[in-house]
Protein chains: 2
Amino acid sequence: MSCDRALREKGYRLTPQRMLVIEALHNANGHISAEEIYEQLHARYSYSNISTVYRTLELMKKLNLVTETDFSEGRVRYHVAEKGRHHHLVCRTCGRIIDLDESIINPLKDTLLQDYDFEADLRHLAISGECHDCYKEG
Amino acid sequence: MSCDRALREKGYRLTPQRMLVIEALHNANGHISAEEIYEQLHARYSYSNISTVYRTLELMKKLNLVTETDFSEGRVRYHVAEKGRHHHLVCRTCGRIIDLDESIINPLKDTLLQDYDFEADLRHLAISGECHDCYKEG
DNA sequence: AGGGTTATTGCAACAAGTTGCACTCATTCA
DNA sequence: TGAATGAGTGCAACTTGTTGCAATAACCCT
Ligand SMILES: [Mn+2]
Ligand SMILES: [Mn+2]
Ligand SMILES: [Zn+2]
Ligand SMILES: [Zn+2]
């Protein structure tokens, strides 16, 4: 499913700014920040503004086209939703990142849905903690 | 365990500013924001600064004396750790909050520890999503 | 293709939180 | 009790992200 089409089908306008934000997200091979997206947008539309990037990302979050994830580095990072079907463990001490399949969260999601009728939004998490090597010492 | 003593035992200085931050946290009956803590500090030390509040909270987080939780309201909120042994479900649509026992997270924590040797820091979560009433309609 | 409607943008001001630096004062030790 | 020391503070500048508003331009209709 293309993001461009998804926007149009929901009645949102396809502006050149939005198309370039979507392009930057798709071309990124990992997690990309708003500032990095803006650099690419600004290279082609020098008069453009980073608030447009933030607003486009917020819209795409609302439509479940991107995920926003906080890796505790002072700015959050974005992923095209279809590429982000997994989670990360982030060691607060050494910064090591361990990748997890999305299914790791399913038991929790199921419990919340069955016991509390709550549809939890838990996509592309960065769970903070300490890896084996680091808590062996602390 | 008193926060005052915990700081002293680790070699940190007990300044009046820190004592008032700790007092504000303990007197709060729910989740309290940095700004709200600062109001109480400022009432007694008019020359004090909110960056001291943020630095004290960061120190207390590091020592596991407080938890920091993001309820998606534009600012995070704090809890004395001993009072925060639970979690919350937050409906993104109607704002309703459902309280959970901390044990709900144990299966996930155990899996991460056993399968990935990762000590996950998952205390006092605010899990975003949609409650029954709201996703029945959308 | 051209005109009207209004969603979207750029801009500037703002809010939450962080950080470098010089000064101050809590703690230690004589 | 009275220095000496450096952890902690206030302050100001900065970063990330949000928001109100007037101007613009994407889309729909003819
Ligand atoms: Mn990822
Ligand atoms: Mn709570
Ligand atoms: Zn580590
Ligand atoms: Zn709801």
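In what follows, every chain begins at residue 1, and chains take the letters A, B, ... in the order their sequences are listed. Heavy-atom basis, side chains included; hydrogens, waters and symmetry copies ignored.
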Starting from B/L89, walk the hydrophobic network (Ile, Leu, Val, Met, Phe, Trp, Tyr; side-chain heavy atoms closer than 4.5 Å) and list everyone else you reach, by chain and number. A/L89, A/I98, A/L100, A/I104, A/I105, A/L108, A/L112, A/Y116, A/F118, A/L122, A/L125, A/I127, B/I98, B/L100, B/I104, B/I105, B/L108, B/L112, B/Y116, B/F118, B/L122, B/L125, B/I127
Taking DNA chain C as the partner, which of residues 68-76 of chain B come within under 4.0 angstrom of it by heavy atom? B/G74, B/R75, B/V76
Measure the shortest side-chain to side-chain distance between A/H79 and A/V66 over non-hydrogen atoms and say whether it is less than 4.5 angstrom. no
With a 4.0 Å heavy-atom cut-off, tell me which residues in residues 28-52 of chain B come close to DNA chain C, sorted by residue number. B/S51
Between the side chains of B/H86 and B/D101, is a donor N or O closer than 3.5 angstrom to an acceptor N or O? no
Is any side-chain heavy atom of B/V21 closer than 4.5 Å to one of B/R18? no
Could you check whether the side chain of B/R55 and the base of C/dG17 have a donor-acceptor pair of N or O atoms closer than 3.5 Å, going by distance alone? no
Is any NZ, NE, NH1 or NH2 atom of the basic residue among A/E23 and A/R44 found under 4.0 Å from an Asp or Glu carboxylate oxygen of the other? yes
Check the orientation of B/Y45 and B/Y47. Use parallel for under 30°, tilted for 30 to 60°, and perpendicular for over 60°. perpendicular
To the nearest angstrom, the OH-C1' distance between A/Y54 and C/dA12 comes to 16 Å
Nearest whole Å is fine: how far is D/dA7 P from B/K10 NZ? 17 Å
What residues 12-25 of chain B contributes to the DNA chain D interface at heavy-atom separation below 4.0 Å is B/Y12, B/R13, B/T15, B/Q17, B/R18
Nearest-angstrom distance from the residue atom CG of A/L57 to P of C/dT9: 11 Å
With a 4.5 Å heavy-atom cut-off, do A/P107 and B/P107 have their side chains touching? no
Beyond-backbone contact of A/V80 with A/L65, side-chain heavy atoms, under 4.5 angstrom: no
In terms of the angle between their ring planes, are A/Y38 and A/H42 parallel, tilted or perpendicular, with boundaries placed at 30° and 60°? tilted
is_close_aromatic(B/H31, B/Y78), centroid dist under 6.0 Å: no
Are the side chains of A/E102 and A/H124 in touch, meaning some heavy atoms are under 4.5 Å apart? no
If I take atom CD in residue B/E58 and atom C1' in nucleotide D/dT9, what distance separates them, rounded to the nearest angstrom? 15 Å
Polar side chain donor-acceptor pair, A/E130 to A/T93, under 3.5 angstrom: yes
Hey, can you pull the donor-acceptor pairs under 3.5 Å for the side chains in residues 50-62 of chain B, sequence neighbours left out?
residue: B/S51; atom: OG; partner: B/N49; partner atom: OD1; Å: 2.9
residue: B/S51; atom: OG; partner: B/R55; partner atom: NH2; Å: 3.4
residue: B/T56; atom: OG1; partner: B/T52; partner atom: O; Å: 2.9
residue: B/K61; atom: NZ; partner: B/E68; partner atom: OE1; Å: 2.6
residue: B/K62; atom: NZ; partner: B/Y12; partner atom: OH; Å: 3.3

Taking only nitrogen or oxygen atoms into account, show me every contact under 3.5 Å that the protein makes with nucleotides 28-30 of chain D, one pair per line with its distance.
none

